[in-house]
Amino acid sequence: QVQLVESGGGLVQAGGSLRLSCAASGRTLSRYGMGWFRQAAGKEREFVAAISWSGGNTYYADSVKGRFTISRDNAKNTVYLQMNSLKPEDTAVYYCAADASGNDRATPWRYEYDYWGQGTQVTVSS
């Protein structure tokens, strides 16, 4: 069993930056693909970014490409999402998730993730 805890959310002005962290406990993340998703009020949860367990593959939603960067530090059992040039439409609860398949993939599909954190709120003011 893997427990995931997100942190780093908050209130920021448009154009600003935040770095989200996802810390894992229970098991090492070194063989888990990791993803970030977000859910705005009244909307479905959507994919943001993913990284394979090796770190060699990454994948981004078109809406964040060039602004967000996903990375991981397996020694610290932590995954990060660096968010730059934030926009009001980035406002959402951000969730990290772990893919336990063992495949070295960066998948955008929610159903391929086995463990989820509780989320951290990101609010971008205009």
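Only heavy atoms go into these numbers, but all of them, side chains included; no hydrogens, no water, no symmetry mates.
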**Euclidean distance, C96 SG relative to E6 CD, rounded to 0.5 Å** = 4.0 Å
**Prompt:** K43 and Q39: which non-hydrogen atoms are nearest, and at how many Å?
**Reply:** O-NE2, 3.1 Å
**Asked** At what distance, to the nearest 0.5 angstrom, does CD of Q82 lie from CD1 of I70?
**Response** 12.5 Å
**Asked** Does R38 reach the side chain of E46, with side-chain heavy atoms less than 4.5 Å apart?
**Response** yes
**Prompt:** Taking atom CD of Q118 as the centre, does the number of heavy atoms from other residues, nucleotides or ligands within less than 6.0 Å exceed 12?
**Reply:** no
**Asked** Under 3.5 Å, is there a donor-acceptor pair between the side chain of N74 and the main chain of S54?
**Response** no
**Atom pair CD (Q121) and OG1 (T91), whose distance is rounded to the nearest 0.5 Å** = 7.0 Å
**Prompt:** Yes or no on side chain to side chain contact (heavy atoms under 4.5 Å, CB included) for R67 and D90, after CA distance, side-chain angles and deciding distance?
**Reply:** CA-CA 11 Å; R67 300 188 298 123; D90 295 317; 2.7 Å; yes
**Message:** Test your reading of the model: is there a side-chain donor-acceptor pair from Y80 to the backbone of T69, 3.5 Å cut-off?
**Reply:** no
**Item:** Ring-face cation contact, Y95 with R45, 6.0 Å cut, 45° max
**Value:** yes
**Item:** Non-hydrogen side-chain atoms of V12 and M83 separated by less than 4.5 Å
**Value:** no
**Asked** Does the salt bridge (charged side-chain N to carboxylate O under 4.0 Å, His left out) test come out yes or no for D62 and K65, once each step is laid out?
**Response** CA-CA 5 Å; D62 288 343; K65 204 172 293 183; 3.1 Å; yes
**Prompt:** In terms of the angle between their ring planes, are Y32 and Y115 parallel, tilted or perpendicular, with boundaries placed at 30° and 60°?
**Reply:** tilted
**Message:** Can you give me the closest heavy-atom contact between V2 and A24, atom names plus distance?
**Reply:** CG1-CB, 4.2 Å
**Prompt:** Got M34 and L4 here, is their nearest side-chain heavy-atom distance under 4.5 Å?
**Reply:** yes
**Complete:** ring pair (Phe, Tyr, Trp, His ring centres under 6.0 Å) with F37: of W109, Y113, Y111, only one passes, and it is Y113
**Asked** Any donor and acceptor pair, going by atom type alone, linking the side chain of N57 with main-chain N or O of D104 inside 3.5 Å?
**Response** yes
**Message:** Distance check, rounded to the nearest 0.5 Å: C22 atom SG versus R72 atom CZ?
**Reply:** 9.5 Å
**W36 and F68 aromatic centres sub-6.0 Å** = no
**Message:** To the nearest 0.5 Å, what is the distance between OH on Y59 and CZ on R105?
**Reply:** 13.5 Å
**Message:** Give me the atom names and distance for the closest heavy-atom approach of Y94 to L20.
**Reply:** CB-CD1, 3.5 Å
**Request:** Could you tell me the separation between the CG atom of L81 and the OG1 atom of T120, rounded to the nearest 0.5 Å?
**Result:** 11.0 Å
**Asked** Do N77 side-chain atoms and L29 backbone N/O form a donor-acceptor pair below 3.5 Å?
**Response** yes
**Fill in**
For P88 and S126, the nearest pair of non-hydrogen atoms, with its separation, is CG-CB, 3.8 Å
**Message:** Hydrophobic clustering (ILVMFWY, side-chain heavy atoms < 4.5 Å, transitive) - are V79 and Y60 grouped together?
**Reply:** yes
